[in-house]
Amino acid sequence: MKDHFVKMDIEQAQMFQHDVLSIVKAIPSGRVTTYGYIATLAGYPSHARMVGRILRYAPEAISLPCHRVVNAVGRTAPGWGQQRILLEGEGVMFKPNGHVDMKQFLWNPESMIDKEQ
DNA sequence: AGTTTGACTGGAG
DNA sequence: CCTCCAGCCAAAC
C-alpha cells in the first residue's frame with residue numbers, strides 16, 4: 001500500500017513547503033534533525049533534497065532555526081561555517097571528525113527523554 | 001526536450 | 001573514518 005506520494009503538483013508542493021517550515025520551527029534549541037526525517041514527517045520520504053532546497057532558498061526560512069538541520073550523518077551544510085558556531089552556541093557538541101554527535105543531540109519527538117524538555 | 005545540478009541518502013570498498 | 005557511486009527529484013540550464 002502506498003503511504004506517500006512520489007510526485008507532487010503545485011498545491012502539494014506548497015503544502016510540503018509549509019509543513020517543512022513548521023517542522024523546522026518546532027526543533028528545540030540544543031537539538032538537531034535531518035533533511036530525510038523532515039521529508040518523511042511531511043509525507044514525502046524521497047524528497048530530502050527538496051527539504052535542503054527549501055531551507056536554502058525559501059525567504060521564510062531565514063527567520064527559522066534552520067541551523068538545527070544537518071544531514072543523516074550529522075554533517076553541517078556545505079559553505080555555511082556559521083552553522084557549527086550557532087549549534088555550539090546552544091550546547092550541541094561535535095565529534096573529532098566535524099560531525100554532530102547524533103547519538104546525543106538528534107531530536108527524538110517520540111522518546112520519553114525528550115518530552116521532559 | 002535533454003542535461004546538469006545540488007544545504008540528500010544508503011551502501012560498497 | 002574516508003571516498004566513490006547509484007538512486008533520487010525539482011529546478012535551472
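In the text below, chain A, chain B and the rest are named by the order of the sequence lines, each starting its count at 1.
- Rounding to whole angstrom units, CE of residue M50(A) and P of dA12(C) are separated by 11 Å.
- Between the C1' atom of dA11(C) and the CZ atom of R56(A) lies a distance of 13 Å, rounded to the nearest Å.
- Screening V51(A), V69(A), D19(A) for a side-chain contact (heavy atoms from CB on, under 4.5 Å) involving V24(A) leaves a single residue, V69(A).
- Not a single donor-acceptor contact under 3.5 angstrom links the side-chain atoms of R49(A) to the base of dC9(C).
- The side chain of M8(A) lies closest to dA10(C), out of dT9(B), dA7(B), dA10(C).
- Across Q83(A) and V70(A), no two heavy atoms sit closer than the pair NE2-CG1, 3.8 Å.
- Residue A48(A) is in sugar-phosphate contact alone, with no base atom involved, counting any heavy-atom pair closer than 4.0 Å across all strands shown.
- Here R53(A) lies in heavy-atom contact (under 4.0 Å) with a base.
- In this structure, of dT9(B), dC1(C), dA7(B), it is dC1(C) that holds the atom nearest to the side chain of K95(A).
- Protein atom CD1 of I10(A) is 11 Å distant from nucleotide atom C1' of dA10(C), rounded to whole Å.
- Annotation: cation-pi geometry satisfied between R84(A) and F94(A) (NZ/CZ under 6.0 angstrom from ring centroid, within 45° of ring axis).
- For N97(A), a side-chain nitrogen or oxygen approaches OP1 or OP2 of dC1(C) to under 4.0 Å.
- Here H47(A) does not reach the OP1 or OP2 of dC8(B): none of its side-chain N or O atoms lies under 4.0 Å away.
- Distances shorter than 4.0 Å separate some side-chain N or O of S46(A) from OP1 or OP2 on dC9(C).
- Look at CZ on F94(A): it is 15 Å from P on dC1(C), rounded to the nearest Å.
- By the 4.0 Å N-to-carboxylate-O rule, R31(A) lies too far from E90(A) to be salt-bridged with it.
- If you take CD of Q12(A) and P of dC9(C), they are 14 Å apart, rounded to a whole angstrom.
- Distance, L41(A) CG to dC8(B) P: 17 Å, rounded to whole Å.
- Straight-line distance from the OH atom of Y35(A) to the P atom of dG10(B): 14 Å, rounded to whole Å.
- Judged by distance alone, with hydrogens and angles left aside, the side-chain atoms of Q12(A) form a donor-acceptor pair with the main-chain N or O of D9(A) at under 3.5 Å.
- Separating the CZ atom of F16(A) from the P atom of dA10(C) is a distance of 10 Å, rounded to the nearest angstrom.
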